[in-house]
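Presented below is the structure to which this report refers.
All values reported here derive from a predicted model rather than from experimental measurement. All ligand and atom numbering here is 1-based and tracks the order in the structure.
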Amino acid sequence: MFAKVLIANRGEIAVRVARTCRVMGIPTVAVYSEADRGALHPREADEAVLVGPAEAARSYLDIDAVLAAAKRTGADAVHPGYGFLSQNADFAEAVLRAGLTFIGPPPDVHRAMGDKQAARRRMAASGVPVVPGYEGDDQSDGALLAAAREVGWPVILKPSRGGGGKGMRVVRSAEDFPSALAASRREARGAFGDDRMVLERYLEKPRHVEVQVLGDTHGHLVHLFERECSIQRRHQKIVEETPSPALTPERRAALCAAGLAAARAAAYVNAGTVEFLLAPDGSFYFLEVNTRLQVEHAVTEAITGLDLVRLQIEIAAGKALPFGPDEVSAQGHALECRLYAEDPDHDDRPAPGRVLHYAAPEGPGIRFDSGVVAGSEVTVHYDPMLAKLVTWGRDRGEAVARMRAALRRTVVLGVTTNLARLQAIVDHPAFRAGALHTGFIEEHLAAPAPPVGPPPEALAAAHAALRLSRGAGSPEAAASDPWETLGPWRLA
Ligand code: ADP
């Protein structure tokens, strides 16, 4: 096993990886930027190394700085988490070249799957159904327009090297095509340094379903069932669950078999996710392979009882998978809500600030994976996800009931969050009926949700805590009364 693991990430996932390493008895090294001096994740690791300034490009994305930290601390393996360098083939390669182990798939797999053109070609050649579309080398305006006409409107344009929904555009007619193409190319060049496009038929009201796969270095490949991640804003997931309420046992078996076929076509090793779109008629189409641990891996853990980070580490250390293809069983139902410091009433824009009071829900079937604590600063520099709330139930109804209750017991004061929106989603009759699709929020929750205030006891506790911490009663305390000095501070 590894002597020491460096966690090349921050926030919730860095804390999450450190937790498993602790259970396995493996010492950890955290890296942090100047903006994260007081953050939670450096405190959760055994050692912490400052790797650069706030700007991610000069800290968490700086390959040389991260590798220097590994060298300095004697780490022999690197866990990349998700986001940042996790799907960067050059990073995976640099880690190997430095004589360390990368806890994830080999560089070639990142390279092949990180390019939508290459991935679509490889999947189509292996018989995995892909969305009807175009991934040709001829990238002229004329060739792309002709392809769009042949595929049929509406179409979606995607940067071949894209991710995170950036640069994607839905186009509904030939008249709109040239300007949409120009805009997508511009964004793709800016964000990914590559303006090659793929084009797909835009499916109306699809569900997003994905298959968790695991491959070891001995040629074994298994799936850990599916997750449904249809509740999205700006093409990014915010509520996920497993199993998908849309699948019959037969469709589930077909989907998971397609996930395995895709993983086999990618020569997949370690933990990965094969994403599909599920059309209302039950047909499904390959979307992409994510060559890393997903944010939503916790729902799979909840129904299988497995620790995916542990399995990633064991696979990277050369161990064979401890179970065969039909030896993993799933029990019950799990949901995840992503709690973000963002403002759903203003285009989901990030809402930085200091977390003044923070209360996590507790109880049977509840898991709260957080990257912050009371006092943490949420900055503009990084993704503003605060925490993931996961509930498990014997069936979907119980998991939803636990989620509704848990969200009501979650309190964040000091920063604007999407908590009220999450509540509105899981309270919605369509959600409770399992009638999901990727446009769920636009269809059902376009109007701003009424603000939900924190429970009065939380407000009272926050007020008391602040007064106590400043020595209530003294003249200085009066002068520094938070209610006087916070200015245009808002609760929700
Ligand atoms: P990215 O790599 O940027 O995350 P994906 O290809 O994974 O992009 O797609 C992200 C989301 O965009 C999907 O979950 C879905 O909501 C939407 N989407 C992508 N392709 C299509 C399509 N062909 N039809 C309908 N929706 C799509």
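- With salt bridges taken as basic N to acidic carboxylate O contacts below 4.0 Å, one links Glu288 and Lys116.
- Of all protein heavy atoms, the one closest to atom 16 (O) of ligand 1 is Gln232 OE1, 2.7 Å.
- Counting protein heavy atoms only, atom 8 (O) of ligand 1 is closest to Met168 SD, 3.5 Å.
- Proximity to Glu275 (heavy-atom distance under 4.0 Å) selects the following atoms of ligand 1: 7 (O).
- Residue Lys166 places no N or O, backbone or side chain, under 3.5 Å from any N or O of ligand 1.
- Within the 4.0 Å heavy-atom shell around ligand 1 one finds Lys116.
- For the pair Arg252 and Phe284, the NZ or CZ position fails the cation-pi test of under 6.0 Å to the six-membered ring centre and within 45 degrees of the ring normal.
- Ranking the protein heavy atoms by distance from atom 23 (N) of ligand 1 puts Arg201 O, 2.9 Å first.
- Between Arg169 and Glu187 there is a salt bridge, with a side-chain nitrogen of the basic residue lying less than 4.0 Å from a carboxylate oxygen of the acidic one.
- At a threshold of 4.0 Å, the pair Glu443-Lys205 counts as salt-bridged, since one of the basic side-chain nitrogens sits closer than that to a carboxylate oxygen.
- Here the heavy atom of the protein found nearest to atom 22 (C) of ligand 1 is Leu277 CD1, 3.3 Å.
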Intermediate values then yes/no, ring pair (Phe, Tyr, Trp, His ring centres under 6.0 Å), Tyr60 and Tyr32
CA-CA 7 Å; Tyr60 296 107; Tyr32 65 98; 8.5 Å; no
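- At a heavy-atom distance under 4.0 Å, no atom of Glu204 approaches ligand 1.
- From the protein, the heavy atom lying nearest to atom 3 (O) of ligand 1 is Gly165 N, 2.6 Å.
- Arg161 has no carboxylate O lying under 4.0 Å from a charged side-chain N of Asp195, or vice versa, which leaves the two without a salt bridge.
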Show the numbers, then the answer: is there a side chain to side chain contact (heavy atoms under 4.5 Å, CB included) between Phe440 and His428?
CA-CA 10 Å; Phe440 182 95; His428 200 282; 4.1 Å; yes
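- At least one N or O atom of Leu203 sits closer than 3.5 Å to an N or O atom of ligand 1.
- The protein non-hydrogen atom at the shortest distance from atom 17 (C) of ligand 1 is His235 ND1, 3.5 Å.
- Given atom 4 (O) of ligand 1, the protein heavy atom at minimum distance is Gly164 N, 3.5 Å.
- Relative ring orientation between His444 and His437 is described as tilted, the plane-to-plane angle lying within the 30° to 60° band.
- Remark: the Gln212 side chain and the Thr300 side chain contain no N/O donor-acceptor pair separated by less than 3.5 Å.
- For atom 7 (O) of ligand 1, the closest heavy atom belonging to the protein is Glu288 OE2, 2.8 Å.
- Considering backbone and side-chain atoms alike, Tyr202 places every N or O at 3.5 Å or more from each N or O of ligand 1.
- Distance alone, capped at 3.5 Å, places no donor-acceptor pair between the Glu336 side chain and the Glu241 backbone.
- Of the N or O atoms in Leu287, none lie within a sub-3.5 Å distance of an N or O in ligand 1.
- With a heavy-atom cut-off of 4.0 Å, Lys158 touches ligand 1 through its side chain alone.
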